[in-house]
Amino acid sequence: MKNKSLQPLLSAVLLLAVAIIPAFFAANSTVQLMTKITIMVLFAVSLNLQLGYADLPALGQVMYFGFGAYGLTLLTVRAGFGLLPSFFLVLLASMVMALFVGFICLRSGTLFGFVFLNNGIALLIYSFINKWMWIGADGGLLGTPRPSFAQTTVAFHVFAVLVVGFCIFLLYLVKESPFTSMLLGCRENDERLLFLGVNTRNVKLVAHVVSALFTVVAGMLFAMRNRGAYPTYLINLLSTEMMIACILGGKNYFLGPLLGAVIVTSITTGVSNYTIYYQLVLGIIIFAVVYFLPGGLMPGIISLRKRLASMGQKTQLEKGS
Amino acid sequence: MNFSTFFRTFVIGISNGMVNYLAVAGIALIMGGIGLVNFGQGAYYVLGAYICYSMTRMFGFGWGLLGATVVTGLVGFLVEIPFRKLFGKHIVYMLMYTMALAYIICDVMVAIWGYRLVSTPLPQALKGAYRILGVPLPKYYLAMILLAALIAIAFFIMFYKTKLGMYFRAIISDRSMVECLGINVPLLNSVMFAISIALGGIAGALYSPLSGQSPKEGLAIFGNLMPILMVGGIRNLKGALPAALVVGLVNAFGAIYLPTIYGLLPFALMVLVMMIRPQGLFTRADEM
């Protein structure tokens, strides 16, 4: 029993070590890529709260990513707020926005209605930001500050990893809470929960808001990493990539999207350095995942580990006898 | 705004609406029949435009339109075959499938035609303008309305009067029953896909002389079609026509009155409609 409760802690420490330690030895460009991957991991894990647990394919999740980036940049650069107050202000504002957007999207009651409206609102915000001169139109907003102690690439990477780690810890707490079992109930049998007197729409709304909050954090980190907010953050391609990441990793596992995001982000970033046919590669990856790995990579890894563990037990038994 | 500007904007709005209606009718057909939203319809739209461009330069505009329809229809027929394995699975997989196809098609188009914007040269007969009520109207806009209306009528006749259309309607209302009657539903699905995607292709081909299209736009075009689907109501094949006209008019008048936020208006309309009538403007509540 004790062993079991220690396991998440162990894997968390291991993951943090893997994310942080190589940064001290790698080249600057590699560290920047690692920071990007770290941020995308948070995006994917937060998206998976909706996709995996609530069964809401939020194709427009990029709007929160962009909202975080633009909100933080606007408050710090234009309004002159400090970094910490603007961080919390953006979180608060995004909560209001997510409540509003989630309310509209869930109102139609159908899955397609949700997907379409979510996507539509994201497109609306994208084209709005792309045209509005006051916030830089398609040139973007420059000059997002980083915290004073995280100015260099490596220091910022460590900062990002710690923030992302903390957020994922919070998401883990959400996942372990009774709320998630209610969410799973919504996913599996909506009507039954309605019979039991649960307002399933509200449960989904809460999932949407929580997921949005963490995506906003990812967006803010990404703006800090690039020292600016650009309209490209709001292109739907990004949330498609993240959805692929969730499915590739295994959307029914907590760490699945983490694994998927690492793989997908490294492939997409790496491929775009070599060829202009980057969408083609992405398309082929999606095909491969949808056809050959619909459950994701995580089940395979778990069964592999179990097999290894049982082999270990066998050798122990043999030693004992 | 005087009458002449108003009338011209009206005609432009209607012509855009008619062309977009074709693409949306394609989406709505698959949506009803297979329960799949084709997020990649924009890719076929652009594919149609490019094929029309190439064939027009070789043989002429009429052949260009025909070629675009036939080729996109064939592509649609082939695309359905690998999809069969995913039928009935979770919506995310279907969504990913259509998107992956759109990505691949867009990049293949980049490989063939490159990044440059192309626009189909107009035949001499369609250049110039007619005067109606004293207002000069470009001939091509009128021809576009006429052609799109003819195709839409043909589609409706196919859907409501022929045996094929009867099968389609039967599949939409009760799929397993049709299967039990010994009708080859997978083949019909392929045909349905072919028709739906050919409608998208011909919409792109019809629109191609007016504005240049780039292959990377493939996914953005779905953004133009989505408001129509939502305003008309998903699964509602009949509602798509008035919705397309409304969105086309909003677009055309928006471009004149509010040029700065012109691209936003259809989305704003969509969000507004969803807030007031989640089932769509042209769907009765009991039809959902």
Side-chain angles (χ1 to χ4, degrees), chain A residues 51-52 55-59 100-101 103-117 119-133 137 187 235-237 240-241 243-244 246-248 251 275-291 294, chain B residues 31 35-37 39-40 82-83 85-86 89-108 110-111 115 215-216 218-220 222-224 226-227 229-230 233-235 259-275 277-280 288:
Chain A
L51 181 67
D55 209 3
L56 297 171
L59 206 54
F100 178 68
V101 171
F103 175 74
I104 304 178
C105 292
L106 288 167
R107 221 172 85 96
S108 68
T110 56
L111 212 55
F112 282 117
F114 178 84
V115 179
F116 270 69
L117 254 187
N119 195 9
I121 294 172
L123 277 169
L124 177 72
I125 293 174
Y126 168 65
S127 42
F128 194 58
I129 282 179
N130 219 355
K131 294 242 167 88
W132 199 13
M133 275 318 284
R187 184 185 78 182
I235 293 181
N236 270 25
L237 196 67
T240 317
E241 266 174 33
M243 264 164 91
I244 299 157
C246 290
I247 296 172
L248 175 63
K251 67 183 165 72
T275 166
I276 56 166
Y277 301 117
Y278 136 80
Q279 287 188 346
L280 184 76
V281 176
L282 196 62
I284 292 169
I285 295 171
I286 302 176
F287 257 118
V289 169
V290 166
Y291 273 98
Chain B
M31 176 71 215
L36 163 81
V37 173
F39 270 78
F83 174 74
K85 211 184 141 192
L86 295 179
K89 280 201 182 169
H90 192 267
I91 163 183
V92 175
Y93 295 112
M94 304 206 266
L95 206 144
M96 288 285 144
Y97 176 79
T98 58
M99 284 201 143
L101 270 175
Y103 287 153
I104 291 172
I105 288 172
C106 285
D107 263 4
V108 168
V110 172
Y115 273 113
K216 290 283 175 192
L219 286 166
F222 185 75
N224 301 341
M226 192 166 52
L229 260 182
M230 288 319 278
I234 312 180
R235 295 175 196 277
T260 42
I261 56 160
Y262 146 71
L264 306 179
L265 288 174
F267 297 117
L269 182 70
M270 176 178 85
V271 173
L272 206 68
V273 166
M274 287 306 282
M275 282 170 77
R277 282 178 72 89
Q279 74 272 26
M288 280 300 282

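Letters A, B, ... mirror the listed sequences (proteins, then strands); counts begin at 1.
Neither the backbone nor the side chain of B:A102 comes within contact range of chain A; no heavy atoms are under 4.5 Å apart. With a 4.5 angstrom heavy-atom cutoff, A:Y126 does not touch chain B via any of its atoms. Using a 4.5 Å cut-off between heavy atoms, B:M230 touches chain A through its side chain atoms alone. Looking at A:I104, the atoms closer than 4.5 Å to chain B (heavy atoms on both sides) all sit in the side chain, from C-beta outward. When heavy atoms are compared at a cutoff of 4.5 Å, A:N236 does not approach chain B at all. Of the atoms belonging to A:V289, not a single heavy atom falls under 4.5 Å from chain B. If you measure heavy-atom distances from B:P227 to chain A, you find no contacts under 4.5 Å at all. With a 4.5 Å cut-off on non-hydrogen atoms, A:I244 touches chain B through its backbone and its side chain both. Using a 4.5 Å cut-off between heavy atoms, A:L237 touches chain B through backbone and side chain atoms alike.
Chosen from A:V115, A:I284, A:D55, the residue pairing most often with chain B at heavy-atom distances under 4.5 Å is A:D55. Interface remark: of the candidates B:V92, B:L101, B:L265, B:I104, B:I104 forms the most heavy-atom pairs closer than 4.5 Å to chain A. Interface remark: of the candidates A:P57, A:S127, A:C105, A:S127 forms the most heavy-atom pairs closer than 4.5 Å to chain B.
Taking both residues in full, the closest heavy atoms of B:P82 and B:Y97 are given as CG-OH, 3.2 Å, listed atom of the first, atom of the second, then distance. Of all non-hydrogen atoms in B:F39 and B:T98, the two that sit nearest each other are N-OG1, 3.5 Å. Here the closest non-hydrogen pair linking B:A111 and A:Y277 is CA-OH, 3.3 Å. Looking at every heavy atom in both residues, A:Q279 comes nearest to B:C106 through OE1-CB, 4.1 Å. Across A:L51 and A:C246, no two heavy atoms sit closer than the pair CD2-CB, 3.6 Å.
Residue pairs satisfying the salt bridge (Lys or Arg N to Asp or Glu O under 4.0 Å) criterion with at least one member in residues 93-107 of chain B, sequence neighbours excluded, are listed as follows: B:D107-B:K216.
Legend: residues meeting side-chain contact (heavy atoms from CB on, under 4.5 Å) with B:L272, ordered by chain and number and at least two apart, are B:I276.
At least one side-chain heavy atom of A:L106 sits less than 4.5 Å from a side-chain heavy atom of A:F114.
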